Amino acid sequence: MSRRRLPESFFSRDARDLAPDLIGRWLRRDEVILQITEVEAYLWPDDTACHACAGQTARNAAMFGPAGRAYVYLCYGLHNMLNVVSNAVGQGSAVLIRAARPIAGEAIVSARRGGRTGPVMLTGPGKVGAALDLDVSWSNHALFRAGGLELLRGDPACEVRTGPRIGIDYAAPKDRDAELRFTSMDTRWVSKPRKLGTSVIRIDRNKR
DNA sequence: ACAAGGATCCTCT
DNA sequence: GAGGATCCTTGTT
């Protein structure tokens, strides 16, 4: 039941609404399954933190395409960051996957992370990209189709905490402060837990 | 053709 | 908590 893929229609809404609904969902690539524990919404229009803010370019083109696809970009020349494209065609908006907890395939994830020992803590977007072995060629990949990288229904219910987004000091103050970061309640699986807000959203997916 | 800077991570202290 | 790694993307000349 929880391993069913989410349909294309699930993604076609504003990033602000889609983002909290991604917490507790599962990302699967072959043997590896990750439970999403932290995301950030990047909005359209008028979000100075969003890559699409300055318009469409070759790099961010996937954000302007149809929802439910991946947008993967290279950060600091070495980290591959996974986003889920939201909104309608022509609107450059997406949700960044910032952290996750391994559900299956831990040995594979550990190997992809350079064979580090100890618990596999995917607390940061670069780590998530490495765990799934992604690069920019995954942009435009449809997450609702079988094969490759898929988004599954995952957990039936969860609680989500909000907070300001991380690493966007270059953005306008109103965008820096906007509570567009969403995390699971278990801060063990969250990057930078000290910068969290106080409000909590309850999500029950059984009653849909 | 060039310069600047980045939605980060790791290794120190 | 601070700093270096590392290289692609972008806007400008």
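The structure presented is a predicted model; accordingly, all values stated were derived computationally and were not measured. Within every chain, numbering begins at 1; the chains are lettered A, B, ... in the order of the sequence lines, protein sequences first and strands thereafter.
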- Task: Remember a base hit wins even if backbone is also touched, and classify A:Leu78 as base, sugar-phosphate or nothing at under 4.0 Å, heavy atoms.
- Result: base
- Going by atom types alone, do A:Ser184 and A:Asp186 pair a side-chain donor with an acceptor below 3.5 Å? no
- Euclidean distance, atom CG of residue A:Asn60 to atom P of B:dA7 [Å, nearest integer]: 12 Å
- A:Lys127 side chain N/O closer than 4.0 Å to the phosphate oxygens (OP1, OP2) of B:dC10? yes
- Query: Where the side chain of A:His79 is concerned, which of C:dG1, B:dA7, B:dC9 is the nearest nucleotide?
  - Reply: B:dC9
- Query: How long is the line joining CG of A:Asn80 and P of B:dC9, in whole Å?
  - Reply: 12 Å
- Task: Report which part of the nucleic acid A:Arg98 touches: base, sugar-phosphate, or nothing (heavy-atom distance under 4.0 Å, all strands).
- Result: sugar-phosphate
- Verify whether the ring centers belonging to A:Tyr71 and A:Trp138 lie closer than 6.0 Å. no
- Item | Nearest atoms (heavy-atom pairs only) where A:Ser93 meets A:Asn87 | OG-OD1, 3.2 Å
- Quickly work out the A:Asp169 CG to B:dT8 C1' distance and round it to whole Å. 13 Å
- Task: Using atom CG of A:Leu134 as one end and atom C1' of B:dA7 as the other, report the distance to the nearest whole Å.
- Result: 16 Å
- Item | Pair assignment for C:dT6, Watson-Crick or G-U wobble, requiring both distances under 3.5 Å | none
- Item | Out of C:dT10, C:dG1, B:dT8, whichever nucleotide has its closest atom nearest the side chain of A:Ala58 | C:dT10
- Query: How would you label the contact of A:Met121 with the nucleic acid (heavy atoms, under 4.0 Å): base, sugar-phosphate, or nothing?
  - Reply: nothing
- Side-chain N,O (A:Arg176) to OP1/OP2 (B:dA7) below 4.0 Å: no
- Message: Taking the six-membered ring of A:Tyr42 as reference, does the cationic atom of A:Arg165 (NZ for Lys, CZ for Arg) lie under 6.0 Å from its centre and within 45° of its axis?
- Response: yes
- Over how many whole Å does the gap from A:Asp177 atom CG to B:dA7 atom C1' extend? 16 Å
- Query: Just how far, in rounded Å, is C1' of B:dA7 from CD1 of A:Ile97?
  - Reply: 13 Å
- Of the candidate nucleotides B:dA7, C:dG1, C:dT10, which contains the atom at the shortest distance from the side chain of A:Ile168? B:dA7
- Could you tell me whether A:Glu38 and A:Arg181 make a salt bridge, using a distance below 4.0 angstrom between a side-chain N and a carboxylate O? yes
- Using atom CE of A:Met81 as one end and atom C1' of C:dT6 as the other, report the distance to the nearest whole Å. 14 Å
- Using centres under 5.5 Å plus planes under 30 degrees as the test, is A:Tyr42 stacked with B:dA7? yes
- Task: Find the partner of B:dC12: check Watson-Crick (N1-N3 plus N6-O4 or O6-N4) and G-U wobble (N1-O2, O6-N3) distances, both under 3.5 Å, and reply none if neither fits.
- Result: C:dG1
- Which part of the nucleic acid, if any, lies within reach of A:Leu96 when heavy atoms closer than 4.0 Å are counted: base, sugar-phosphate only, or nothing? base
- Over how many whole Å does the gap from A:Leu74 atom CG to C:dC7 atom P extend? 9 Å
- Parallel, tilted or perpendicular: which describes the rings of A:Phe144 and A:Phe11, with under 30° parallel and over 60° perpendicular? tilted
- Message: By a 5.5 angstrom centroid cut-off and a 30 degree plane limit, is there stacking between A:Tyr170 and B:dG6?
- Response: no
- So, is A:Arg181 near the phosphate of B:dA7, with a side-chain N or O under 4.0 Å from OP1 or OP2? no
